[in-house]
Trainee: 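First the structure, then my questions, so here it is.
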Amino acid sequence: MSLNPETWTIVALGFWNRMIFTPQWVSDEIFNSNEIERLIPFDPVAPLIYRDNDLALQIEDRRIQLSLRKIVDDAQKKAEGMACKILDLLQKTPVSAVGVNFQFTENSPEKDLLDLFNFKDDVEVDSSSPWEIESKTIYRKFLQEEKNLNLRLIYNVSSSDVKFNFNYHHPVKTAIEGSERIKNNTAELYKNAIKFLEEIYNLHLEEVTNEG
């Protein structure tokens with residue numbers, strides 16, 4: 001089982017003023033570095049994107065997102081710190097939720113895992129419908145204290161892999177509350193997701209290496 005770095009994301013939903021996120025402000029206040037790259041969108045309503053070697057920051061009207069470009073502890077801590085700093089600096093911004101997301105892929109699923117996707121109507125669909133099944137999704141929503149876990153299992157029929165999408169969702173009322181939900185928490189959520197996959201599906205994460 002593997003994890004794609006770009007799927008480790010921290011998201012804050014709200015009403016964001018994109019005009020604040022100038023190259024100078026982002027460089028000085030968020031990245032604390034002049035060594036950042038700005039991706040220029042062709043469409044004026046497209047997301048603003050800033051990035052360095054470790055992280056990418058994407059700004060939209062209704063959400064901001066930090067995503068990892070490589071899986072290392074420093075990048076994970078850096079993403080959490082940057083998300084909290086944005087929320088702390090822009091604490092007057094109306095924020096409705098924060099989330100932490102991971103996607104794991106099992107490229108060689110065992111029969112027990114694939115059996116979960118044997119839906120009752122598969123035979124009827126195959127025999128009576130002109131449609132060909134491309135993928136199958138199992139969705140569950142879990143509740144624990146003040147957070148939700150939205151978990152999707154997606155089976156790609158042609159490639160025969162299974163993806164596990166973890167979305168840890170925290171409804172909040174303010175940006176400050178959002179910062180409190182994220183701070184010192186993302187690494188623990190990552191461990192929680194891995195533990196869930198190990199205990200429920202007997203899957204284990206491959207060692208992550210970052211070359212170059």
Side-chain angles (χ1 to χ4, degrees), residues 3-22 25-26 29-31 39 41 43-52 54-69 71 73 75-105 137-154 163-197 200:
L3 170 71
N4 184 338
E6 288 80 7
T7 68
W8 179 314
T9 64
I10 301 174
V11 175
L13 303 180
F15 294 91
W16 297 96
N17 183 353
R18 288 157 47 107
M19 299 299 291
I20 293 175
F21 293 84
T22 64
W25 189 84
V26 171
E29 299 293 343
I30 308 304
F31 281 87
L39 304 186
D43 189 332
V45 299
L48 301 175
I49 298 176
Y50 297 92
R51 66 186 188 184
D52 62 9
D54 299 330
L55 303 172
L57 169 63
Q58 180 172 306
I59 304 105
E60 303 177 49
D61 290 338
R62 297 296 182 91
R63 60 184 272 151
I64 59 170
Q65 174 179 296
L66 280 155
S67 57
L68 269 61
R69 303 186 70 191
I71 301 296
D73 286 344
Q76 297 161 14
K77 294 175 183 177
K78 184 176 173 181
E80 181 182 280
M82 287 172 59
C84 291
K85 189 166 187 180
I86 291 171
L87 291 163
D88 291 340
L89 288 172
L90 304 178
Q91 57 185 264
K92 297 298 184 181
T93 300
V95 175
S96 59
V98 293
V100 181
N101 307 287
F102 316 102
Q103 183 190 84
F104 301 87
T105 301
T137 300
I138 299 171
Y139 169 75
R140 292 189 178 98
K141 181 176 182 178
F142 302 93
L143 303 176
Q144 184 183 86
E145 297 176 352
E146 296 180 350
K147 65 175 175 288
N148 305 325
L149 167 59
N150 300 303
L151 176 62
R152 284 179 171 83
L153 282 62
I154 304 168
K163 297 187 185 302
F164 299 83
N165 289 350
F166 285 79
N167 164 238
Y168 292 93
H169 180 83
H170 302 260
V172 298
K173 295 180 180 179
T174 66
I176 292 298
E177 185 183 353
S179 176
E180 293 171 351
R181 294 295 178 195
I182 293 173
K183 189 175 182 179
N184 299 323
N185 197 31
T186 55
E188 193 61 35
L189 293 176
Y190 180 59
K191 293 176 183 177
N192 179 276
I194 293 174
K195 182 179 179 181
F196 188 101
L197 292 171
I200 305 300

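Keep in mind the model is a prediction, meaning the values are calculated, not measured. Quick note: residue numbers are just sequence positions, from 1.
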Trainee: Side chains of Asn148 and Pro171: closer than 4.5 Å at any heavy-atom pair?
Mentor: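 In short, these two side chains touch, coming nearer than 4.5 Å.
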Trainee: How are the rings of Phe196 and Phe142 set relative to one another: parallel (under 30°), tilted (30 to 60°) or perpendicular (over 60°)?
Mentor: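 Perpendicular, since the angle between the ring planes exceeds 60°.
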Trainee: Which is it for Ile30 and Tyr50 under the side chain to side chain contact (heavy atoms under 4.5 Å, CB included) test, yes or no, and what are the steps along the way?
Mentor: CA-CA 10 Å; Ile30 308 304; Tyr50 297 92; over 6 Å; no
Trainee: Quick one: pull up CZ in Arg51 and CD in Gln58 and give me the separation to the nearest 0.5 Å.
Mentor: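 Reported to 0.5 Å precision, the distance equals 11.5 Å.
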Trainee: Holding to side-chain contact (heavy atoms from CB on, under 4.5 Å), I want the full list of residues that pass it with Ile176, two or more places apart in sequence or in another chain.
Mentor: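 For Ile176 the side-chain contact (heavy atoms from CB on, under 4.5 Å) partners, ignoring immediate neighbours, are Asp88, Gln91, Thr174, Glu180.
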Trainee: If I take atom OG from residue Ser67 and atom CD1 from residue Ile49, how far apart are they, to the nearest 0.5 angstrom?
Mentor: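 Nearest 0.5 Å value for the OG-CD1 distance: 8.0 Å.
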Trainee: Can you list everything that forms a side chain to side chain donor-acceptor pair (under 3.5 Å) with Asp52? Sequence neighbours excluded, please.
Mentor: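 Expected list: Lys78.
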Trainee: Go through the steps for Tyr168 and Asn185 under the test side chain to side chain contact (heavy atoms under 4.5 Å, CB included), then give the verdict.
Mentor: CA-CA 11 Å; Tyr168 292 93; Asn185 197 31; over 6 Å; no
Trainee: Rounded to the nearest 0.5 Å, what separates atom CD in Glu80 from atom CG in Leu189?
Mentor: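 Interatomic distance, Glu80 CD to Leu189 CG, rounded to 0.5 Å: 9.0 Å.
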Trainee: Check the orientation of Trp25 and Phe21. Use parallel for under 30°, tilted for 30 to 60°, and perpendicular for over 60°.
Mentor: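 Ring orientation, 0 to 90° scale: perpendicular.
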Trainee: I'd like to check Asp54 versus Leu68 (side-chain heavy atoms, cut-off strictly below 4.5 Å). Are they in contact?
Mentor: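 Sidechains of Leu68 and Asp54: no contact.
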Trainee: Do the side chains of Gln144 and Leu149 get nearer than 4.5 Å, heavy atoms only?
Mentor: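 No, every pair of side-chain atoms sits at 4.5 Å or beyond.
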Trainee: Tell me, with the steps shown, if Leu57 and Ile86 meet side chain to side chain contact (heavy atoms under 4.5 Å, CB included).
Mentor: CA-CA 11 Å; Leu57 169 63; Ile86 291 171; 3.9 Å; yes
Trainee: State, to 0.1 Å, how close Leu66 and Ala79 come at their nearest heavy-atom pair, and which atoms those are.
Mentor: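 For Leu66 and Ala79, the tightest heavy-atom pair comes out as CD1-O, 3.4 Å.
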Trainee: Suppose we screen for side-chain contact (heavy atoms from CB on, under 4.5 Å). Which residues come up paired with Phe15, at least two apart in sequence or across chains?
Mentor: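 Counting only residues at least two positions away or on another chain, Phe15 forms a side-chain contact (heavy atoms from CB on, under 4.5 Å) with Arg62, Pro94.
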Trainee: Could you pull out all residues at least two apart from Asn4 that satisfy side-chain contact (heavy atoms from CB on, under 4.5 Å)?
Mentor: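 Listed in chain order: Glu6, Thr7.
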Trainee: So do the side chains of Gln76 and Thr186 get within less than 4.5 Å of each other, counting heavy atoms only?
Mentor: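 Result no, sub-4.5 Å side-chain heavy-atom pair not found.
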Trainee: Please work out which of the three classes, parallel, tilted or perpendicular, describes the rings of Phe102 and Trp8, given edges at 30° and 60°.
Mentor: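 Ring orientation of Trp8 relative to Phe102: perpendicular.
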Trainee: As an exercise, state the distance from CE of Met19 to CD1 of Ile59, rounded to the nearest 0.5 Å.
Mentor: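 Going from the CE atom of Met19 to the CD1 atom of Ile59 covers 12.5 Å.
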Trainee: Restricting to side-chain contact (heavy atoms from CB on, under 4.5 Å), what partner residues turn up for Ala12, sequence neighbours left out?
Mentor: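 In terms of side-chain contact (heavy atoms from CB on, under 4.5 Å), with neighbours along the sequence ignored, Ala12 is linked to Trp16, Ile64, Leu87, Val98.
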Trainee: Would you give the length of the straight line joining atom CZ of Phe164 to atom CZ of Arg152, rounded to the nearest 0.5 angstrom?
Mentor: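 Going from the CZ atom of Phe164 to the CZ atom of Arg152 covers 14.5 Å.
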Trainee: Say you draw a straight line from CD of Gln65 to CG of Leu55; how long is it, rounded to the nearest 0.5 Å?
Mentor: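 Gln65 atom CD to Leu55 atom CG measures 11.5 Å (nearest 0.5 Å).
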Trainee: For Asn101, what residues pass the side chain to side chain donor-acceptor pair (under 3.5 Å) criterion, not counting sequence neighbours?
Mentor: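 Thr9, Asn167.
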Trainee: Do you know the tightest heavy-atom contact between Ala175 and Thr93?
Mentor: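 Heavy atoms only, the tightest pair is CB-O, 4.0 Å.
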